[in-house]
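Here is the structure we will look at, set down as structure tokens.
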Amino acid sequence: MATERTFSIIKPDATERNLTGKINAMIEEAGLRIVAQRRIQMTDAQAKRFYDVHAERPFYGELVEFMTSAPVVVQVLEGENAVAKYREVMGATNPAEAAEGTIRKECALSIGENSVHGSDSLENAKLEIGQFFSEADIAG
Ligand code: ATP
Ligand code: MG
């Protein structure tokens with residue numbers, strides 16, 4: 001297995017409830033290293049671009065509104081098999097279906113307000129990291 005980087009967002013429902021530290025602890029306990037992070041207020045344009053793949057879905061408007069409703073923490077995570085590992089640590093999109101001990105099981109409020117994002121492939125990880133970070137931001 002290779003060392004990979006993946007992109008993470010701690011979403012507004014979690015930053016609003018002061019869950020950034022708890023989520024970061026779960027990430028680190030899983031063996032993933034936080035090599036860059038920044039707390040930002042996402043703009044409407046950033047959220048629309050980020051979730052462009054879902055533009056035709058009925059929940060797109062709600063999703064963009066949610067992602068811009070409060071600050072988020074954007075992160076780069078690094079580790080062995082980081083993309084798949086972080087998806088495992090996050091748990092299923094719908095917290096009702098998320099496994100015990102996952103971030104979404106412990107923290108998420110609903111399928112929409114589900115506390116975290118993680119890239120779903122190495123290719124998307126690179127694109128998503130590039131939307132929010134430059135190479136100089138990342139302490140390898
Ligand atoms: P993410 O891309 O945020 O990591 P995911 O890959 O688990 O989540 P996707 O199918 O890519 O899930 O959906 C993107 C996001 O859109 C979800 O995380 C959730 O916030 C929102 N979403 C997905 N399905 C629904 C739905 N049925 N109703 C409301 N919001 C939804
Ligand atoms: Mg996704």
Side-chain angles (χ1 to χ4, degrees):
M1 280 191 292
T3 299
E4 293 175 353
R5 283 177 182 167
T6 192
F7 179 72
S8 163
I9 304 177
I10 301 179
K11 295 186 181 182
D13 68 282
T15 63
E16 283 278 86
R17 287 177 292 141
N18 287 349
L19 293 173
T20 299
K22 177 183 170 140
I23 290 170
N24 278 350
M26 293 176 82
I27 289 169
E28 292 185 332
E29 274 158 26
L32 293 166
R33 177 168 285 119
I34 302 162
V35 295
Q37 72 177 342
R38 188 187 301 127
R39 191 169 189 269
I40 61 165
Q41 173 63 54
M42 239 191 223
T43 64
D44 186 68
Q46 280 176 315
K48 281 181 173 153
R49 179 179 162 203
F50 186 75
Y51 278 122
D52 183 57
V53 59
H54 295 309
E56 303 306 320
R57 307 282 279 278
F59 56 81
Y60 181 64
E62 189 187 317
L63 178 58
V64 169
E65 201 174 309
F66 168 59
M67 292 301 287
T68 56
S69 66
V72 300
V73 178
V74 290
Q75 308 178 303
V76 180
L77 310 181
E78 191 174 88
E80 285 293 307
N81 214 16
V83 172
K85 183 178 278 182
Y86 189 45
R87 297 288 293 188
E88 208 178 292
V89 174
M90 286 164 47
T93 309
N94 183 349
E97 291 162 13
E100 286 300 328
T102 61
I103 295 170
R104 283 169 168 167
K105 176 71 176 185
E106 296 229 348
C107 303
L109 299 174
S110 66
I111 191 167
E113 301 194 24
N114 62 0
S115 303
V116 281
H117 160 83
S119 308
D120 58 13
S121 68
L122 199 51
E123 187 190 357
N124 283 336
K126 289 201 174 81
L127 294 171
E128 293 172 0
I129 289 169
Q131 191 184 335
F132 293 96
F133 293 97
S134 73
E135 200 51 43
D137 294 327
I138 303 170

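We count ligands from 1, going down the list as the structure has it; atoms in each ligand are counted the same way.
- In this structure a side-chain-to-backbone donor-acceptor pair under 3.5 Å is missing from Gln46 to Phe132.
- Counting heavy atoms under 4.0 Å from ligand 1, residue Arg87 touches it through the side chain alone.
- Val76 and Ile10 are members of different hydrophobic clusters when ILVMFWY side chains are connected at heavy-atom separations under 4.5 Å.
- For a threshold of 3.5 Å applied to N or O pairs, the pair formed by Met90 and ligand 1 contains no separation below that value.
- The shortest heavy-atom distance from Arg104 to ligand 1 is under 4.0 Å.
- Side-chain atoms of Glu113 never come within 3.5 Å of backbone atoms of Ala108 as a donor-acceptor pair (strictly under, hydrogens ignored).
- Thr3 and Glu80 are linked by a side-chain donor-acceptor pair at a separation below 3.5 angstrom, with hydrogens and angles left out of the test.
- Contacts of Glu113 with ligand 1, taken as heavy-atom pairs under 4.0 Å, are absent altogether.
- Side-chain contact between Thr15 and Val73 is present, with heavy atoms from C-beta onward closer than 4.5 Å.
- Proximity annotation for atom 19 (C) of ligand 1: of Val116, Ile111, Asn124, Ile111 comes nearest, heavy atoms only.
- Put simply, no part of Phe66 is less than 4.0 Å from ligand 1, judged by heavy atoms.
- For Gly118, a nitrogen or oxygen atom sits less than 3.5 Å from a nitrogen or oxygen atom of ligand 1, counting backbone and side chain alike.
- Every atom of ligand 1 is numbered from 1 in the order shown, and the set under 4.0 Å from a heavy atom of Asn114 is 17 (C), 18 (O), 19 (C), 20 (O).
- Scanning the protein heavy atoms around atom 7 (O) of ligand 1, the nearest turns out to be Thr93 OG1, 2.5 Å.
- For atom 22 (N) of ligand 1, the closest non-hydrogen atom on the protein side is Phe59 CE1, 3.5 Å.
- Counting only heavy atoms of the protein, atom 13 (O) of ligand 1 lies nearest to His54 NE2, 3.4 Å.
- Lys85 has its side chain out of reach of Leu77: every pair of non-hydrogen atoms, C-beta onward, lies at least 4.5 Å apart.
- Under the 30°/60° scheme for interplanar angles, the aromatic rings of Phe50 and His117 are found to stand perpendicular.
- For Asp120, the closest heavy-atom approach to ligand 1 does not fall below 4.0 Å.
- For the side chain to side chain contact (heavy atoms under 4.5 Å, CB included) criterion with Gln75, the lone passing option out of Ile129, Val35, Ile27 is Ile27.
- Scanning all protein heavy atoms for the shortest distance to atom 30 (N) of ligand 1 gives Gly112 CA, 3.6 Å.
- Annotation: atom 1 (P) of ligand 1 to nearest protein heavy atom, His117 ND1, 3.1 Å.
- The residues Arg17 and Glu106 are annotated as not salt-bridged, no charged nitrogen and carboxylate oxygen being separated by less than 4.0 angstrom.
- When only interatomic distances are considered, the shortest N/O to N/O separation between Lys11 and ligand 1 falls below 3.5 Å.
- Without hydrogens or angle criteria, Ser115 side chain to Ala14 main chain gives no donor-acceptor distance under 3.5 Å.
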